[in-house]
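Take a look at the structure below.
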Amino acid sequence: MKDLVRMRTSLKEEIERILNEQIKMEAHSSAIYLSMAAWCDRNGFDFSAGYFYKQSNEERNHMLKLFNYVSDMGGHAISPEVTNVPQEFDGFRDVFELALQQEIAVSNSINRIVGQARQFNDFATDQFMQWFVKEQIEEEYVARRAVELFDVIGEEGVGRYMIDKAIPKITYGDVEAQ
Amino acid sequence: MSNTLPLTELFASSKGATYQCDTTNRIIIQFGEARVSLRISDFLTFKKRVDSVDIHTMIFNTDDAYDVEIIDAPRTGHLFVLSLCDLIALRDLLAGTRFVLDLNTLLNERIYSSLVY
Ligand SMILES: [Fe+2]
Ligand SMILES: [Fe+2]
């Protein structure tokens, strides 16, 4: 008897399900960053707004990368419904703390997928997800550094203005080599 | 010729049976009077639809609208009109079928693959 399930896709149902969940999570991240960008714009943090617009685009690209993978493997990629997007934040610093928490949640989720892929002997998905593992190192670094700036520069006086200006300049890795 | 298609029975219950046709790569569901043939992806979608019905609401809501559930089998033009009992029986049948399909995958992975030179 032919193995029709396997002929359709190389993805196990459970893997397909968690990849679709990740697609949704990336879409949600993209939407959150967009509302953070708008908040920064409204409150005069122009540089940070630009930073969040860029982040929002990156998250959408992450979503597409996963989406294409599921689809290419013969799976059913589900265009995600995005709900519960916060539109208001308590303050400048809170925005960045929330961004860091969001990135940590994503890293945890990526790790779970890799764990599952290995459990199912799905080495293709394991390998595919390694790009995201690496990406999260950078994403977390940048988000953490942004929060640190609040302590390093301080919010008093022209502090917030200075922080805002410093945000887009954060880079990960060897600055000399770039 | 159509009655000579090689059908393999996947699962059978008192209410119906399912078969796999290796010529057309389709799953055939025989349930009560209904007989539909589905591509594997449509079979999985259909199973999800059947599994996602909220049985609890069906039982406890007295409104007539909750007495039956109407589920369409993708790209067959067939609508299943299901009472609560039908729904549970169909779920059983599809779950049993899915189990056999997974078992077949496992056998292909572990045993048959080594026979392909
Ligand atoms: Fe991401
Ligand atoms: Fe991110």
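Every chain is numbered from 1 and lettered A, B, ... according to where its sequence line falls, protein lines coming before strand lines.
- Classified by interplanar angle (parallel below 30°, tilted 30° to 60°, perpendicular above 60°), the ring pair A:His62/A:Trp131 is perpendicular.
- Residue contact with chain A, scored on non-hydrogen atoms closer than 4.5 Å, involves the backbone and the side chain of B:Thr105 alike.
- With chain A as partner, the option from B:Asp22, B:Asp102, B:Leu44 having the largest number of non-hydrogen pairs under 4.5 angstrom is B:Asp22.
- Interface remark: B:Leu10 contributes side-chain atoms only to the contact with chain A (heavy atom separation under 4.5 Å).
- No donor-acceptor pair closer than 3.5 Å links the side chain of A:Ser10 to the backbone N or O of A:Arg6.
- Using bins of under 30°, 30° to 60° and over 60° for the plane-to-plane angle, the ring pair B:Phe60/B:His56 lands in the tilted bin.
- Neither the backbone nor the side chain of B:Arg39 comes within contact range of chain A; no heavy atom of the residue lies under 4.5 Å from a heavy atom of that chain.
- Aromatic ring pairs are classed by plane angle as parallel below 30°, tilted from 30° to 60° and perpendicular above 60°; the pair B:Phe46 and B:Phe80 is tilted.
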